[in-house]
Number of protein chains: 2
Amino acid sequence: MAQIKDVAKQAGVSVASVSRVLAGHAGVSESIRQRVLAAVQELEYRPDLAARRLRSRQTDTIGLIVSDIRNPFFTEVSRAVEDVAYQHRLRVILCNADEDPEKEALYLDLMRDENVRGVILSPTFATLTGFRSHDYPFPVVLVDRCDRDTAADAVVLDNIDAAYRLTTHLIENGYRRNIFFYGTTSATGRQRHEGYATAMAAHGLEVHAEALPATVDRARAAARERLRRRPLPDALVASSGLILLGLTEALRETRIRFPDSVALAGFDDLPWTRLVEPGITVIAQPIYDIGRAAIELLLQRIAKPEQAVRRVVLRGELVERGSSAKRTGATASASMA
Amino acid sequence: MAQIKDVAKQAGVSVASVSRVLAGHAGVSESIRQRVLAAVQELEYRPDLAARRLRSRQTDTIGLIVSDIRNPFFTEVSRAVEDVAYQHRLRVILCNADEDPEKEALYLDLMRDENVRGVILSPTFATLTGFRSHDYPFPVVLVDRCDRDTAADAVVLDNIDAAYRLTTHLIENGYRRNIFFYGTTSATGRQRHEGYATAMAAHGLEVHAEALPATVDRARAAARERLRRRPLPDALVASSGLILLGLTEALRETRIRFPDSVALAGFDDLPWTRLVEPGITVIAQPIYDIGRAAIELLLQRIAKPEQAVRRVVLRGELVERGSSAKRTGATASASMA
DNA sequence: ATGGTTTTTGTAATCGTTTACATATTTGGT
DNA sequence: ACCAAATATGTAAACGATTACAAAAACCAT
C-alpha cells in the first residue's frame, strides 16, 4: 500500500503539501496541486483512515441508532438518513437497539469510542427520561420519540393530535367502545395513548387501553385474548405499524370481519394496509421526510453547536379506508358500554 | 480522557502490561491483572480505537452490504448478522447499495479503507459476474445471490428448484398461462426464471416472462400493463417479495379477483401474504438462518483463510394458500394459449 | 535594490496505542 | 546454593497520517 510519503516522493514535494492538497486546504500552488493529484492517481493512494483519525481526532461518520430495524418505519428513516449523509460524504453506522435500553447504552458508548460527529437516535422510554444531549460528547438528534421537555433537537410527529383525530374519526363513524393497543417502551406510544384518551373523554366514552411491548407477536396475543371476551369492542386501534399488523392477524385468525363486527385503525400507511380488504384506516406519516429532517438538523447542529435546541413537528395525515367505514344501524352491534 | 499511560501510572505498572491485560494476552501475573483492571475502572479508561487500529492494523469490524434495505428479506438477514456479530464482539457496518453496482463498488472500497475483517455481500448481477473473493483484501461471503461457478463462499436458496416447484404447483392446480415477473439486477431473479421456464417447458407450456428492475413500482406498472391486455393470463408469479407486492397491488387496482380470474404466487412468506384474502401462495425462505449461515461462514473463513470455498444451499418451503387454489372447470377462463 | 509583508513549502513533533526487544525476575534441576 | 531456562515486566520504536512552526519564496511599495 502506498503511503503519503510515497506520494510526496513521486510528486517531488513534502508530505505536508500532499496532506494539504488532499484536505482541500487553501494556500497551495496550482502546480503542486496538479502534481500531487497525478501522483495520487498514479500510485492509487488511499489515505489510512486510522492514522488520519488518530491525528486529527475527527471522523467523517455519524451514528444512527434505531429501536427496531424490522419496523418499516425505521428502514425508511434510515434510507433517508443514508441518502443525505452520502451526499455530504459522511458514513453512517447503523445500529439496531431492538427496543432494549441496555443495547442503546452500549451503542451510544460505541459511538463515543468511534468518535462520531453526531448521532440520530430513536430512544426507548427508559433512555428518554432525563435525556440531555449535553451529556454526550457529540450532538444527538432524536427521531420519532421525544418528550415535550427533552433538551435535545428532535423530529417527531404530532402524535397526540394524530391519535386524537384518528380516534375522533372512529367515534364519528359510530364506534364507541374503542380499545387502544400501544407500546410502552416508547414515548410515542404513550403520547398516542394520550391523544386517544382525550378524544374518548371528549365524547364521554370510557378509555380501554392495553399496554404491551411493541411487537407483532405480543399485539396479536393481546388482541386474540381480548377478542375472546364478550361483549366485543367496537374498534381496535393500534399505536404503531407493528401492533397494527398483530391486531390484523388476530382478527383474521378469529375470523372476525372488519368493519362489520369490529372496526380497525392504526398508525403507518404501509403498503399492506391498502391490500387487506376492505383497506385499513391509518395515520400516514411522512417517514422519509422525518428521516431527512433529522439528519439535516444534525448537520446544522454539527455546524453550529451552540444554537438553540430545535424541534421539528410534522403532521400525520388521516387515510380513511374501509376498516372504519361509517356504521349503519343495521349491522352494528349495539354499543352498550 | 484517560490514556493508557494514566492507567499504567495509577496501577504502578508499564503501559505494556496494561495493553497486555486489556488484550487478554497470557503471561501477565494475576496481581498486575487485578491492579490494571482496578485502575481501568477507577479512571473509566476507554482505549482509543483509532490508535489501536493504526498500530495493530486490525479492526473488530465486519461489513454488510445489502442490495435493498427496504426489502424485508434483507432487514431480517441483517438482524441475524448483527445478532451473531454482537455475540462475537464484532461491530457491523451496514450499507445499502440500492441495487446500484456503482454504490456497491464504492462501499467495497469503503470496507477496504475501514480495514474490515470481512464482508457479507448480496451483489447485483453486474458485480457478481467475474466476482472473485480473492480480488479483495478481506474475505467476502455472498448471500442470497451467487452463480454456480462463483469463486466465493456463499449462502443461497436453491432458487431453481424452488421456482420449479412453485410453477409446477400452479400448473398442477390448473393454471397454464403463467407469467413470471423477475428482477434482472440479481442472479436470484434469473435463476428463479430458469426454474420457472424449466417447469413450464416440462409441461409443454409457453414461457412468458417479464424482466424488470426489482421494485414495487416497476412491478405494479408492468402487471397493470399486462392485465390490460386480453386474454388474461392464468397466473402471475413474482420472483421476489417486492415484486409480489407490486403484482398484488396491480390486481387490486384493476379489481381482478384472485384466484377466480387470475391466480397469484411468488417468493417470500412475509406477514401480509397471509392477510391478503384468500392468502397468497409463496415460497418461504428461512431468512434468519440464511443470515446466520452467512456470518458463520465468514467467521470460519476469517479463522481459516485458506480453506476451500464453501457453499450453503438452503431449501425453500412451498406454502400453499388460496391465491393458487385448484381451478374448478366452472370458474376458469379456458386456457387457449 | 531594499526591507517588510504575505504566501508557499518543508521539517519534525504529535496523536495513543501495540509490540519487538531488552532486562529483570522466578523457577527448577542439580 | 547455583546456573540455565522459562517467565514476567519495562522501554522505546513503530503505525501513517495532520499540523505547529520554521524557513524559503514571492510580492509589493518605496
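Letters A, B, ... are given to chains in the order of the sequence lines, protein chains preceding strands, and every chain is numbered from 1.
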Tell me: CG of A/Leu54 to P of C/dG16, nearest whole Å? 7 Å

Scanning both residues in full, the closest heavy-atom pair of A/Leu54 with B/Ala51 reads CD1-CB, 3.7 Å

If we count only N and O atoms by modelled type, under 3.5 Å, do the side chains of B/Glu104 and B/Thr124 hold a donor and an acceptor together? yes

Grab the CG-P distance between A/Asp113 and C/dT17 for me, whole Å please. 11 Å

When the rotation axes relating C1' atoms of four end pairs to the next four are compared across the helix from C/dA1-D/dT30 to C/dT30-D/dA1, five pairs an end, they differ to 10° by 30°

In terms of heavy-atom contacts, does CD of A/Glu30 have more than 12 from other residues, nucleotides or ligands at under 6.0 Å? yes

Length of the CG-P vector between A/Asp60 and D/dT18, whole Å: 12 Å

Heavy-atom count around B/Gln307 CD within 6.0 Å, excluding the residue itself: above 12? yes

Let me know the distance between CZ of A/Arg52 and C1' of D/dT19, rounded to the nearest Å. 13 Å

How would you list, by chain and number, every residue that makes a side chain to side chain donor-acceptor pair (under 3.5 Å) with A/Asp6, sequence neighbours excluded? none

Give me the atom names and distance for the closest heavy-atom approach of B/Met111 to B/Leu64. CE-N, 4.4 Å

Show me the pairs that pass side-chain hydrogen bond (donor to acceptor under 3.5 Å, both in side chains) and involve residues 19-28 of chain A, at least two apart or across chains. none

Please list each protein N or O that sits under 3.5 Å from an N or O in nucleotides 11-14 of chain D, with the distance.
unit_1 : atom_1 : unit_2  : atom_2 : d
D/dA14 : N3     : B/Arg55 : NH1    : 2.7

B/Asp6 CG to C/dT17 C1', in whole Å, measures 13 Å

Taking only heavy atoms on the protein side, list every residue of residues 29-51 of chain B lying under 4.0 Å from any atom of DNA chain D, sorted numerically. B/Ser29, B/Ile32

Which residue, A/Ala2 or B/Gly12, contacts DNA chain D at a nucleotide closer to its 5' end, judged by nearest heavy atom? B/Gly12

Heavy-atom distance under 4.5 Å between the side chains of B/Phe138 and B/Leu108, does that happen here? yes

Using whole Å, what does the distance between atom P of nucleotide D/dA8 and atom NE2 of B/His25 come to? 14 Å

Just wondering, are more than 12 heavy atoms of other shown residues or ligands nearer than 6.0 Å to CZ in B/Arg132? no

Does any N or O in the side chain of A/Arg91 come within less than 3.5 Å of the main-chain N or O of A/Asp60, such that one atom is a donor and the other an acceptor? no

Measure the distance from CD1 on B/Ile4 to P on D/dG10 and round it to the nearest whole Å. 12 Å

Partners meeting ring pair (Phe, Tyr, Trp, His ring centres under 6.0 Å) with B/Phe131 (sequence neighbours left out): B/Tyr136

Round to the nearest Å and state the distance from A/Arg57 atom CZ to D/dG16 atom P. 18 Å

Return no unless some side-chain N or O of B/Ser19 is found under 4.0 Å from OP1 or OP2 of C/dT18. yes

